[in-house]
Structure formats: C-alpha cells, structure tokens
2 protein chains.
Amino acid sequence: MIPRQTVNMTDVAQRCGVSIASVSRALRGEPGVSPATRDRIMSAARELAYVVSPEASRLSGGSTGRVGVVVPRIDAWFYATVLAGVAGEFDAVGVDLVLCTLPDSSARHRFFEALPLRRKVDAVIIVSVPLSARERTRLDQLGVPTVQVGGHHPAGGRPWIGIDDELAASQAVGHLLRIGHRDIAMIQAVDQEGTAWAADEARIRGFHDQMAAAGVAEPTVVRVPWGIDGGAQGMETLLSRPRLPSAVFCHSDEIALGALRTLRKSGVAVPQQISVIGVDDHPSADLSELTTVAQPVREQGRLAAVQVLGALGDDGASMPVRTTLPTRLVIRNSTAPPH
Amino acid sequence: MIPRQTVNMTDVAQRCGVSIASVSRALRGEPGVSPATRDRIMSAARELAYVVSPEASRLSGGSTGRVGVVVPRIDAWFYATVLAGVAGEFDAVGVDLVLCTLPDSSARHRFFEALPLRRKVDAVIIVSVPLSARERTRLDQLGVPTVQVGGHHPAGGRPWIGIDDELAASQAVGHLLRIGHRDIAMIQAVDQEGTAWAADEARIRGFHDQMAAAGVAEPTVVRVPWGIDGGAQGMETLLSRPRLPSAVFCHSDEIALGALRTLRKSGVAVPQQISVIGVDDHPSADLSELTTVAQPVREQGRLAAVQVLGALGDDGASMPVRTTLPTRLVIRNSTAPPH
DNA sequence: CTGAAAGCGCTTACAG
DNA sequence: CTGAAAGCGCTTACAG
C-alpha cells in the first residue's frame, strides 16, 4: 500500500527557498509576488503535486471550495438532471458539490433546524423546495449566498431560476382546448404528506384559469402521490367514475406515463378515447409518444451553478434576481381532437 | 438579514465554566468526563445550537465527516438510484456526501491524476468505474478506505458490491433459448470512447457462453453508445441487415427501450416478430412491458454506505471483501416463442 | 516584492 | 476527572 501523501505548503516553500506566505499568495494568484518567484513556486507545486489543505485554508479565512446542493430526492429524472447541470459547471472550476436530500418531512425539518450545512459550504443551491418563512430565515442564517431553482419566488431580491409553471400549464391546456376538448381533468402530484410543491400550485392555477376562460367551471382534479405509480393510480380513480373525461392534463410526464400504463392495461385507446398530456419532456415521453410541454432542465442547473460561482468570484458579481427559462409545446401522438 | 452564527467551542466552555478540552471530549463521547459535567456541556451546546467546525476538527486530527462518491454520470437512472441508496444511509448518521462525476475520459483522467478528493474525505465509494492498475494505485494514494460498487472485482481484498453480470446475462439469454429462440443478437453499450464498461464485458461473456452451449456459433453483436438513443440506433442497424434475428438481448433496459422505440416506429410487432429483453428493471420497463433481469440497485448503494460507515466507526469493522446481490428474471410481454 | 508572526477553532498528549 | 498548552496547515495584516 502506498504511503499517504502529505505535501504541505512548507515543503513547497523550502523547495523554492521562499516563505509560505509567498507560496500562499502565488498559488491563489494574489498580487505581491514577482513573476520570477511566482513561476518557481508554481512549478514546484506542480512537481510535488501539492494541493492546499481545504481545512487549513478555510480555518484561516479562506473559502471551503464547496457548495451545497439541496434536492428533495435524487432518484427522479428532474432532480438528477438539474444536478448533472450543476455538477458539470462545478467540475470545470474545481468546486466540490456537497449533496443534501430531503426525502421526507422529518428529513426536511431536521435540515432546516440543524442546518447541517453550517460552516461547511461557501454557497447553497436549493432545488424545487418551496420555502416557508421560517425555512427562508434559517437558510439565510447560513450566511452564504443562496440561489433557488424552481419553487416559489423568494422575497428580498434573492436569485431564482426556473420556468413559468403557470404558463407551462396554459400551453398544455391551451393545446387541448384548441383541438376541441372541453371535458378536461387534471392529475395533480402531491408529496407523502399531501402537500403540493410550488410548481404544482402554479400549474393547477394555470389549469383553472384556462378552463375558466374557456367557460368550464370546476373541472375535475385528482390528487395522487408523486411518480409513475401515482399517475397510474390517478387514472384508475378517473376510470372508476361514471364518465371518462375526453382529455387529461398531468402535472408531469412521470404522472402521465403512469396514466398511460393504466389506460393500456384497461384497453382504453390513446388518443382515440382519451388524450393525455404532461410537462417536462422526460426521456421516456418520446418512447411513449406522449405530448408534453418541454422545459430546459439541465440548463436550470447549469445556470444556477454559473450564478453561484459568479457570486463567489473575486468580483462578487451580483446575481440576476430572476431568470425565467422558456417552455414549449411538443406534440406527439397522445393527443388528438375528441371523437 | 440575520447575523451569521459563530458559536465556538469557547462559548460553550465559558457557559459551563469548563475548559474547551472537556467540551471537546464530552461532545465526541470520549471517556474522561464526569457524567455531571458531560450533561451540563451537552445541554449548553444544545441551547447555543453549537456545531463543531469541521475544518478545525479535521485540522487537529479529527475526521472530515465527509465521504466522496464517484459516479460516471448522474443523469442516468442506475447511478441516481445507487446514489439515493448511499444518501439515505449518510443522512441518517450525518455524514456529508461529496459528489464527483466522470462524464468523459478527460474528466476521468483529471480525476485520477489530480485526485481532487485528496485531503477532503474520510472514505470513497466508487460506482461502476472499471479501474486500471494505474487508477487503482492513485485511488489507494488517497489513503482512505474505498468501496467499489460494480465494475471489475478489485484485487488485494478490497471491498466490492455488485451483481453477477455474467449470471444476469445467462438468465436473460437462457430465457430466450428456453422458449425456442436460436437466432439471438445482442446490443452492447459502450461509452463515448468506444470502451466497454466492466459490467458489459461480463454480460457479453455470459451471452456468448450461453449461445455456445446451445450450439450457436458467432452470434451477432452490435455496439452502440450508451442510453436510449443508442438502443434505438442499435435496432436500426439490425433492421438494416438482410435478416432480422428472432430475439435481441440488450445490455440494459435503457438500450432495450430505445430498441423498442425503433421497432414501434418501423411497425415491427413485439413480441410477434421479434422478442426483446433487457437488464435492470428500470421504472419504464413495466410501462413498456419489457421482459428483463431485475437487479437491486438502491440496495447496492445502501450496502456500500453501510460498509464504508462501518470501516469508519471506532471499531473499524473490517469490510466483507465481496458482496454479490441476486438478480432475477421478470417476464413481461416483450418476449414470446418465435413464430 | 518578501517574510516573521498571529490567529483561525479545534484535538490530543501531558500534567495535575 | 480536568485544564494549560502545543500544534494541525493555512491566510492575512504588519513590517521591512
């Protein structure tokens, strides 16, 4: 077994015959080092394969070189894809990604009360977690820049990146109305505790507004747990009612895929007997010929990373307050005019 | 804006009228503190919402409280699910997860040469990355316990967790042979650089062995890039040949889903004209009625986490050298006897 | 441009 | 059981 490496700043300094102060300055690109000694230091550091101790650096006033990323869960396409966007940017600049998941309400409560990220990161990206006032306050107590992806718009000019969920819903429902549907139901996703995420509230608002504008009062809404199985269950609920709607707007593609599965198993033809539309443009949407409203997911993560890194830079670039990315309708074969 | 918290060990010590040495010992559950003072210290720490500075702790010989997790990419179901298993365990004990992705060969090269994880973590979990001798050496130079999920079995009694990929392939191909197929092709996934992952090599070996045992020499193998689109492309290749095989064994469900997409678009009936089988039991497999060989994915991550945490514990439990999890055939409607 | 020195907040022998 | 003190490896005023 190879002995553990422990090359310190002192080793680099000795090799160059300079003080550790100069090494520290040179390595971080600070002014106050002559080009000649800077060069010597840089190459010595390279030869020795020296890396600064992040602990020591942080302790003496430097940064941690780490950014916390908070997602509700990771084994879901949306979050994994946002994360991939973030990770790509971080990787390019050598920032470490500390991952936090909040799978249930107890984990979530623990996260905001104990603040396990305290003293551990230079900034935080929080994805699709609608924050209560209390949670917002706790997050601010971390004392580091924060950028939010999705969820409610934060107050106080804090940076936010996302799509217009109400518009996305309008695009989906507008398509159904335009091709002649009037009897449209929605399958809404809620989490284990029955709480709707922020995106959901906006999407259901968009749904209701469009329906009201089309003169349809009180359309059917079914609430189901998040995920493919939830979608399957939602369609079972609709099938067990006296009359089947002519179209269904699903909160997300995963819900829609579950709904399609139930329809296939029940022998109900899509789109002949019922139209189905989702939101996301999940990789499986194409496979299942699902009409959907596409959103740029990886790009949301990428932009969040860029903004955070900018805020951390020497210039401390102020982050844009709100960045709304475009969504667009993708028509496939799961929607058609009512029979 | 709330002022940043900076409660230090000194604050806790002063509040109790003891030295920081006692606070340090009490907080870490070390012996040498009387029950009475220990109690006072613990409650003072709680009242002040004190958390040790990980940086200072680490610098003076403690641990980092962090474990690195390395995956090829994160926006793929398998890796995201393994990660979810790891994160669940880490969360329960308050260990931080530092995520590293190796999306391409240059990122991979950088990772093993620069060792960005050096000095930053107490242990490493590396997922599905078949290591060269050089890479293995570099990883050992991190000087921390390492556990591998999937990939080649590491030498030197290092811990490994995974499935028997050769067996998984046998289960899939055995099923096809048993229901009467002889003309079976395989769609193999390779990465951008055209390299096969370790799992792939084992699966193709299992395929060839089964075919040879059944008396079929030199069955067709198509190599495609990883992912759904790769699978679609692989099936296009097979369709462009003079004769269509009666069944296709796909390296993974994502490959199989792509293959199914191409077949649907070409109007080739599954399973009437061709049978398709994959490996994984991906959430979309059920939706697409894909026969597959299921493997416990989340469980592989969970076990890796448990082993790493055990090795980090005071007892320094030695890790089991090799843990092979079971796979099982899941028969759905994409396979049937040849016509 | 360069270095000696203080200090970051802990852990750990070493004394008592 | 308890505390004073050294030391972990850096960064940053402060002098030169």
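Treat the numbers as computed from the prediction; the structure is a model and nothing was measured.
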Can you list everything that forms a side chain to side chain donor-acceptor pair (under 3.5 Å) with [X]? Sequence neighbours excluded, please.
X        : result
A/Arg46  : none
B/Arg15  : B/Glu47
B/Glu55  : none
B/Glu299 : B/Arg302

Q: Mind checking ring pair (Phe, Tyr, Trp, His ring centres under 6.0 Å) for B/His109 and listing every partner two or more places apart, or none if nothing turns up?
A: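 With neighbours one apart ignored, the set is empty.
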
Name all residues meeting the salt bridge (charged side-chain N to carboxylate O under 4.0 Å, His left out) criterion together with [X]; count only those two or more places apart in sequence or in a different chain, and write none if there are none.
X        : answer
A/Arg322 : none
A/Asp96  : B/Lys120
B/Arg136 : B/Asp140

(Q) Expected output check: what is the dot-bracket annotation of DNA chain D, where ( ) and [ ] are pairs inside the strand (brackets for crossing ones), | is paired with another strand, and pairs are Watson-Crick or G-U under 3.5 Å? (A) |||.||||||||.|||

Q.
For B/Pro35 and B/Ala56, find the nucleotide of DNA chain D closest to each by heavy atoms; which residue's nucleotide sits nearer the 5' end?
A.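 Final value for this comparison: B/Pro35.
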
Q) Which residue lies toward the 5' end of DNA chain D, A/Asn8 or B/Gly32, if each is placed at its nearest nucleotide? A)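 That would be B/Gly32.
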
Residues 81-91 of chain A, side-chain donor-acceptor partners within the protein, below 3.5 Å, at least two apart:
{"residue": "A/Thr81", "atom": "OG1", "partner": "A/Trp77", "partner atom": "O", "Å": "2.7"}
{"residue": "A/Thr81", "atom": "OG1", "partner": "A/Trp77", "partner atom": "NE1", "Å": "3.2"}

Q: Check each residue of residues 13-25 of chain B for a non-hydrogen atom within less than 4.0 Å of any atom in DNA chain C, then write out the ones that pass by number, or none.
A: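 The answer is B/Ile20, B/Ala21, B/Ser24, B/Arg25.
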
Q: Looking only at non-hydrogen atoms, find the nearest pair between B/Leu27 and B/Met9 and report the distance.
A: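 Shortest heavy-atom separation between B/Leu27 and B/Met9 comes out as CD2-CE, 4.4 Å.
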
(Q) Taking any atom closer than 4.0 angstrom to a non-hydrogen atom of chain A, what span of DNA chain C does the protein reach, first nucleotide to last? (A)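 Nucleotide range with atoms under 4.0 Å of chain A: C/dC1 to C/dC10.
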
